[in-house]
Amino acid sequence: MSATPTAAPEPLDPAHSGPGDLVAGPVPLREPAAAELARVAARAAGDLLAPPAPVRLGDVVPAPERVVPDPTADFLLPADAAIRVSADPAALAVGEQLAALLRPATGYPLPVTDAPRPEPAGGIALALGDDDLGPEGYRLDVTAAGVRVGAATAAGLFHGVQTLRQLLPAAVESATQVAERWVLPGGSITDRPRFGYRGAMLDVARHFFPVEDVLRVVDHLARYKLNHLHLHLTDDQGWRIAVDSWPRLATVGGVGEVGGGPGGYYTRADYRRIVAYAAERHITVVPEIDLPGHTNSALVAYPELAPHGIAPARYTGTEVGFSYVDPASERTYDFVSDVLAEVAALTPGPWLHIGGDEAFKVKGEAYTGFVERVQRIVAGLGKTVVGWHQIAPAGHADGRVLQWWGTNGDDPATAEAVRRGARLVLSPGNHAYLDMKYAPDTPIGHDWAGLIDVRRAYDWDPGAHLAGVPAEAVLGVEAPLWTESVTSRAEIEFMLFPRLPACAELGWSPRTGHDWAGFRERLAAQGARWAAAGIHYHRSVEVPWPATPLHP
């Protein structure tokens, strides 16, 4: 990257001498180690030659709660830097993740060590337990002596690490070593999320995606402090998770996808791997078994679940609302109980999503009775039920969550469910649906909810979006990606970026800092990071991308 002129170096201040500095006085000083002297000399030489930090402290997505820059305190990460962390396994895990993020591009060894009270000492410190900013908040301080991230929890440390990586030059995202001066801008950031639930959904039923693709999506969520991955595991076109008690769901129902491809499914080991990988990045997996509609693949595998016991043909189209399990059959509830029990046992998170949308052929009391019985099954498994907002008319279950995907902010049925105790995750189709086209000529995607470019994805307030719903009833936001037209990892990324960071900022950042002009500038700087990381993205005309983006 090109260098810019540097400011004059700050004069040495004897009042702020550190270990190894030579100061006059009667107190004898220890002899500084050779490595320490070399580090001081390298920093002094770097200060004489270094350009200002190429990233400003506030150039972070999502926008932090509070940013206090200190232009005199930029930190040059030296080649011999260490990562010092609290003596706690969870903190050590975050330290190792940070080292793994930084080693490829820097080429630095970045050893990770623990200490009772970790301090930067010319490197990076991750301190657990001494900054009370809630379960996900953190404080990050950059001084000339190093970088310190403090948090009450490992999740907070992890989010602080995601901010730290954004403060380094964009080339830090490269998978191979880059000749770069790894400077972080000086100052402090105090940060915590607005909403506790911040997520994205990946539909693996319409098109199946292998485990590695799902893990890459997890990485994308972690980068922007999203903490839930909703997996839409079942639909008419394919059943994507193995269930031991009903094996043909996967081996028969998992065959096929939109357009007639081979499909596939996740073994129990595959699913455990996804869940564990997400948990290591402080992301909770929310599995969805869509009921009572969107079940054609299950009916192909087990015709006894269908009305009249007649097996339907496989379905590879994109219509909805035609399939359903028989709500009057006890065999249906055996099926639901067995499947949800197995999925619950594989999923440590609190949520089980039961779908509930577009069951057009199950109406009135048949529908609400089905939902109420399934809600009781979920409660009996020790989980909290989540369903699309169509389940609102059913009787309330303690803690239940409705995922609202409407396009009109006036929804009396949902508002009434909230009055009865329901909580909401907001996914408005005309703002948060990532399968919508950016523009009329976008090669993939839909437009039934309108065209959604970045500003439309950003310009709404989850806390005030639905009439009659108070902000305290909103758990957070989720950006769904349905995959009727999405067939590859590259296409997933094209639809996620640059809109996923918009949803992330709505979920994380304080409403008082919501500012389209500022967001588009900060978002533009992310383009070079995506290019360095090999992430495909849409170069929206609404965003002032750099003229010559960095390529991997």
- Item | D213: partners by salt bridge (Lys or Arg N to Asp or Glu O under 4.0 Å), with sequence neighbours left out | R489
- With sequence neighbours excluded, what pairs up with R194 under the salt bridge (Lys or Arg N to Asp or Glu O under 4.0 Å) test? D461
If I compare all heavy atoms of [X] with all of [Y], which pair ends up nearest, and what's the gap?
X    : Y    : answer
S174 : P104 : O-CB, 3.8 Å
F494 : H538 : CE1-CB, 3.6 Å
A250 : A242 : CB-CA, 3.8 Å
P480 : Y433 : CG-CE1, 3.5 Å
L424 : V401 : C-CG1, 4.4 Å
P498 : V454 : CG-CG2, 3.4 Å

- Check the pair Q526, Y224 against side chain to side chain donor-acceptor pair (under 3.5 Å), reporting the backbone distance first and the verdict last. CA-CA 11 Å; Q526 298 294 306; Y224 294 106; 2.6 Å; yes
Return the [atom1] to [atom2] distance between [X] and [Y], rounded to the nearest 0.5 Å.
X    : Y    : atom1 : atom2 : answer
R206 : T483 : CZ    : OG1   : 7.0 Å
D203 : E288 : CG    : CD    : 8.5 Å
L481 : H232 : CG    : NE2   : 11.5 Å
L346 : I241 : CG    : CD1   : 6.0 Å
F209 : E491 : CZ    : CD    : 8.0 Å
I274 : I283 : CD1   : CD1   : 12.5 Å

Answer with yes or no whether the side chains of [Y] and [X] bring together a donor and an acceptor at under 3.5 Å.
X    : Y    : value
H536 : W530 : no
E478 : S427 : no
D59  : Q166 : no
T284 : Y197 : no
E257 : H207 : no
T347 : K383 : no
R273 : Y271 : no

Output all residues satisfying ring pair (Phe, Tyr, Trp, His ring centres under 6.0 Å) with [X], sequence neighbours left out; order by chain, then residue number.
X    : result
H230 : H353, W388
F195 : none
F208 : Y266

Partners meeting side-chain hydrogen bond (donor to acceptor under 3.5 Å, both in side chains) with [X] (sequence neighbours left out):
X    : value
T153 : none
H282 : none
S86  : none
D88  : none

- Item | CG (D515) with more than 12 external heavy atoms under 6.0 Å | yes
- Message: Would you say CZ of R216 has more than 12 non-hydrogen atoms from neighbouring residues, nucleotides or ligands within 6.0 angstrom?
- Response: yes
Flag the pair [X] / [Y] as yes when at least one side-chain heavy-atom distance between them is below 4.5 Å, and no otherwise.
X    : Y    : result
V486 : D435 : no
L229 : V286 : no
Y265 : D270 : no
Y277 : D219 : yes
V55  : L168 : no

Indicate yes or no: does [X] engage [Y] in a salt bridge with an N to O separation below 4.0 Å.
X    : Y    : value
E472 : R423 : no
D453 : R456 : no
K225 : E505 : no

Are the aromatic ring centres of [X] and [Y] under 6.0 angstrom apart?
X    : Y    : value
F75  : W182 : no
F497 : H220 : yes
Y458 : H431 : no

Verify, without hydrogens or angle tests, whether [X] (side chain) and [Y] (backbone) share a donor-acceptor contact under 3.5 angstrom.
X    : Y    : answer
R281 : L221 : no
Y537 : M495 : no
R522 : V60  : yes
R520 : E542 : yes

- Query: How would you list all residue pairs meeting salt bridge (Lys or Arg N to Asp or Glu O under 4.0 Å) that involve residues 90-109, not counting sequence neighbours?
  - Reply: none
Throw together a table of side-chain donor-acceptor distances under 3.5 angstrom for residues 108-127, partners on residues two or more places apart or in other chains.
none

With a 3.5 Å cut-off and sequence neighbours excluded, list the donor-acceptor pairs that the side chains of residues 183-193 form with protein atoms.
from : atom 1 : to   : atom 2 : distance (Å)
T190 : OG1    : R139 : NH1    : 3.3
D191 : OD1    : E65  : N      : 2.9
D191 : OD1    : W508 : NE1    : 2.8
D191 : OD2    : Y138 : OH     : 2.7
D191 : OD2    : W508 : NE1    : 3.1
R192 : NE     : E65  : OE1    : 3.1
R192 : NE     : E65  : OE2    : 3.3
R192 : NH2    : E65  : OE2    : 3.3

